[in-house]
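Below you'll find the structure, written out as C-alpha cells, and then a few comments.
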2 protein chains.
Amino acid sequence: MVSIADIAAAVELSTGTVSQILSRRDTRYSERTRVRVQEAAKRLGYRPNAMAKALECGRSNAVGIMFADLVGSLANDILTSALPMLEAAGYHALIGVNLWSPEREEQELETFLERRLEGILALPLDGQQAHYQAIQQAGVPLVFMCDWLPGIPADAVALDGHAAGVTLTNHLLAQGHRRIALISNDNQSEQLHARQAGYRAALLAAGLQPDPTLERLVDGADPDSIKTLILGLTCHPRPPTAIVFPVEAVAWQAMEILCDVPEARRPVVAAVGGLPMSSHRLVSLTTVNEPLAKIGRLAAERLLARMADRQRAPRQQLLRGDLVVRASTAPKKPLAKRKGGAAA
Amino acid sequence: MVSIADIAAAVELSTGTVSQILSRRDTRYSERTRVRVQEAAKRLGYRPNAMAKALECGRSNAVGIMFADLVGSLANDILTSALPMLEAAGYHALIGVNLWSPEREEQELETFLERRLEGILALPLDGQQAHYQAIQQAGVPLVFMCDWLPGIPADAVALDGHAAGVTLTNHLLAQGHRRIALISNDNQSEQLHARQAGYRAALLAAGLQPDPTLERLVDGADPDSIKTLILGLTCHPRPPTAIVFPVEAVAWQAMEILCDVPEARRPVVAAVGGLPMSSHRLVSLTTVNEPLAKIGRLAAERLLARMADRQRAPRQQLLRGDLVVRASTAPKKPLAKRKGGAAA
DNA sequence: TTGTAAGCGTTATCAA
DNA sequence: TTGATAACGCTTACAA
C-alpha cells in the first residue's frame, strides 16, 4: 500500500511537506509543488492510512452504533437519520451487531473501545449492565436508544413506553373492550416493562382491575408457546375481546394463529411498534409507532453534545408515539353497546 | 486512555516486557512478573489500541461488509452466517451501509480502504463499477453477494436468478396460466436481469411468445407508478392471469393494490425473494427463496480463500433457490382445464 | 528473565 | 517555502 513516503520519494520532497499538502489545505506551499504532490498521490493511488492518522492525532473520528439485529427496518430508520448528523460533525460510524448474544455484545463493545471510538450509540440487550459499565469506566460517551439499562447513568432517547401502553389500551377501552389481555415476550427490558405498566395504568384509570390471567409472557425458548397462549386465552372462562402486544412481532405471530379462531371469539389486536409490515393492507395492525427517525436524530445530537461536554448530567428523553388505527381494531360487528365512538 | 507505558510505569518494567506478556502467551517470563502485569492491566482498565497494533503489524485483521440498506432480514441473514466464519478466521467485520446512495457507497468503500481492511464483501449498487474498480486497483480481495457488476472481475455468490425466474414461471404455467405478466423495478442490476431473462426463457420453452405489453417496470421516482401499472394490466384487452415479481417488495405493494380488484379479474402473484413477511399467513406469497444464509457462508469462505491466495481466478457461484408455494398462487377456483397438477 | 531501540504511517513543531 | 525530528501506542528483534 502506497504511503506518504512513496509520494515524497516520487516527487523528491520530504514526507512532512507531502503530509501538509495532502491533509490540510495549506496555502503556504508553491502552487507548482502542490500540484506535483497531488498528481503523484492520485497517480500512485495513495490513500491515507486512517489508523496512522488516528494514532498520531489521538482521536479516531469515529463513533460506534450497536444494534441487536438488523431485522425489520429499525436499524435502518435509525441510521438514516443518525448517520447524516454524525457525518456532518465529522464522525464516521461503525455499526456493531450482536445478534442477541450477550457475549457478542461484549466483544463488539470491546472492539469499539480498542478502536478508540469517541462515542457510542447503543440499543442495549437487557441485563447486560456490566458491558456498559465498562464503557462508562473507560470514559466513553454513551447514549442508549429505544431502551436503557437501570443503574447505568447514561443518556437515553426512547419511545415513551408507558404512554404507548396507555394510548393503546385507551383506544381499546374506547371501542368498548373491557377484557383486554396483554401478551409480551420474556425480554426483561425497561422499555417493555414501561409499556406493560402503561397498559395496567390505563385499565386502572378506567376503573378496571388488571386480571393477572390476562397478562402473559411467551417463552422465547418454546416456539409453540405463543400458540398455546393465544388458544388458551380464547378458551378462557371469560375470554378477552382484545389483546395488547408490547412487541409488534409477537402480534404478527398472534394474527397468524387467530386466523384459525372463529371470528366471534377472535379478539382484536393492537401493538407497539410501527414497522412497515403492520401498515401493509393484508396485515393492517393497529400500532403506536415508535418514532425511530426522531430517536436516531436526537440520539445522535445528544451523543455529539455529550462528546463536546462530558460533564452534562445524563438525561432520559421519552418521545410520544402516534397511534395509527388500522383494521385490526376496527369494530367489525358492533360490540356491546357501551361507548361506540372510534378512538383518536 | 491507559497505554502499555502506563502499565510499565506502574509495575516498573519496560514496555517491551509488558507488551510481550500482554499480547503473546509467552512463558518466558517469571510467573510473578506475569501476574503483576496482568493485574496492573486489569486494575488500570488497559485496552490495547487496535490502531497502533494494526499499524505496527501491517494488518488490520478486519474485513468490510457493504449493504445497500438494513431493511428486511437480508443483511441479518447474511451476517448471521458470515460473521462466525470470519471471526473464526480471526477477522473482525466492519459493516457499511450506503442507504442506496452511490456517493455514500463510494465514501464507505473509501473508508474501508483507508482503514486498510483486508477484504470486502459487498452487495453492490448497480452501475457503480468505478467504486469497485478502485477496490481492485488497491488490490483488496472482493467478493460480491446477491448481485455483481459486469466488467468487474470479482468473485460472486448469488442466487441463480435465471433459474429462479424459470422456476416461478413454470410453476404458474403448470397451474394453467398462459398470460403471465412480469413487473420489476427500474433497478438495472445483473441479478434482476437474470430473473427477468428466466421468465422469458420459461415462456419460450412453453411455446409462448413473451408479450412486451406484459413486461413492465415500476418507476422508482413515482410512488403511484405501481398502482397505475397493476390497474393498467387488469384493464388490458387480454389481461394476465398471473404476475411474476423479480422483486419481492414490489409484489407486496401489488398485493395491496390487488385487494381492490374483483377476484374474478385478480391475477395470482409470485415473487423471487423469501423474506419472512411473504411467509406470514396473512400475506402468503409464493416465492423462490434467495438462500441468504448460504450466500453469506459461501461468500465469507470465498473471501477467506481469496485473501489466502490472491491469484485464484474469480468465479461466480450461482445457487438454486427453493420454490415455496403459498396461497398467492393456490388455484382458488379451477382455471381453464388445461394442466391441472400442482407444481413441484 | 528483562531492557533497549527501531519502526509502522502520520502529523506537528521548529528550524533552515 | 521546505526539511528534520519527535511523537502517537504498539510489536519485535536483539542486546544485556
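Below, chain A is the first sequence line, B the second, and so on; all start at residue 1. Keep in mind it's a predicted model, so treat the numbers as computed, not measured.
- Note: CD1 (B:Ile21) to P (D:dT11) measures 12 Å, nearest angstrom.
- Straight-line distance from the CZ atom of B:Arg116 to the P atom of C:dG9: 9 Å, rounded to whole Å.
- A salt bridge links B:Arg302 to B:Asp155: one of the charged nitrogens lies within less than 4.0 Å of a carboxylate oxygen.
- Comparing C:dT11, D:dG9, C:dG3 by their closest approach to the side chain of A:Glu56 singles out C:dT11.
- Comment: B:Glu31 engages B:Arg34 in a salt bridge, judged by a side-chain N to carboxylate O separation of less than 4.0 angstrom.
- Protein atom CD of A:Gln20 is 15 Å distant from nucleotide atom P of D:dA4, rounded to whole Å.
- Proximity of a side-chain donor or acceptor of B:Thr17 to a complementary backbone N or O of B:Leu13 within less than 3.5 Å is not detected.
- Residue A:Arg310 qualifies as enclosed at atom CZ: its count of foreign heavy atoms under 6.0 Å is above 12.
- Picking from C:dG9, D:dA4, C:dT10 the nucleotide with the shortest atom distance to the side chain of A:Ser14 gives D:dA4.
- If you check D:dC10, D:dG3, D:dT11 against the side chain of B:Ser3, the one that comes closest is D:dC10.
- In this structure, A:Leu113 atom CG and D:dG9 atom P are separated by 15 Å, rounded to whole Å.
- Rounding to whole angstrom units, CE of residue B:Met51 and C1' of D:dT11 are separated by 16 Å.
- Residue B:Ile4 has its side chain nearest to D:dC10 when only C:dG9, D:dC10, D:dT2 are considered.
- Across C:dT2, D:dT2, D:dG9, the shortest atom-to-atom separation from the side chain of B:Arg28 is found for C:dT2.
- Mapped onto DNA chain D by nearest heavy atom, A:Ala52 and B:Thr15 fall at different nucleotides, with A:Ala52 at the one closer to the 5' end.
- Considering only side-chain N and O atoms, B:Ser30 lies nowhere under 4.0 angstrom from the phosphate OP1 or OP2 of C:dT1.
- Per the geometry, CZ belonging to A:Arg36 stands 12 Å off C1' belonging to D:dT2, to the nearest Å.
- Distances were taken from every side-chain heavy atom of B:Ser19 (C-beta onward) to each of C:dT4, D:dT11, C:dT10; the shortest belongs to D:dT11.
- Side-chain atoms of A:Leu70 and A:Phe67, non-hydrogen and from C-beta on, do get closer than 4.5 Å to each other.
- Across all strands, B:Gly16 comes closer than 4.0 Å to base atoms (heavy-atom distances).
- Across the protein-nucleic acid pair, B:Asn61 atom CG and D:dC10 atom P stand 16 Å apart, rounded to whole Å.
- Across all strands shown, A:Arg47 has heavy atoms under 4.0 Å from sugar-phosphate atoms exclusively, and none from any base.
- The listed nucleotides are D:dC10, C:dT2, C:dT10; the one nearest the side chain of B:Asn49 is D:dC10.
- Contact between the side-chain N/O atoms of A:Lys53 and the OP1/OP2 oxygens of C:dT11 is found at a separation under 4.0 Å.
- Between B:Glu87 and A:Arg104 a salt bridge is recorded (basic side-chain N to carboxylate O distance below 4.0 Å).
- For B:Tyr29, the side-chain atoms get nearest to C:dT2 when compared with the rest of C:dT2, D:dT2, C:dT10.
- In this structure, CZ of A:Arg59 is placed 17 Å from P of D:dC8, rounded to the nearest angstrom.
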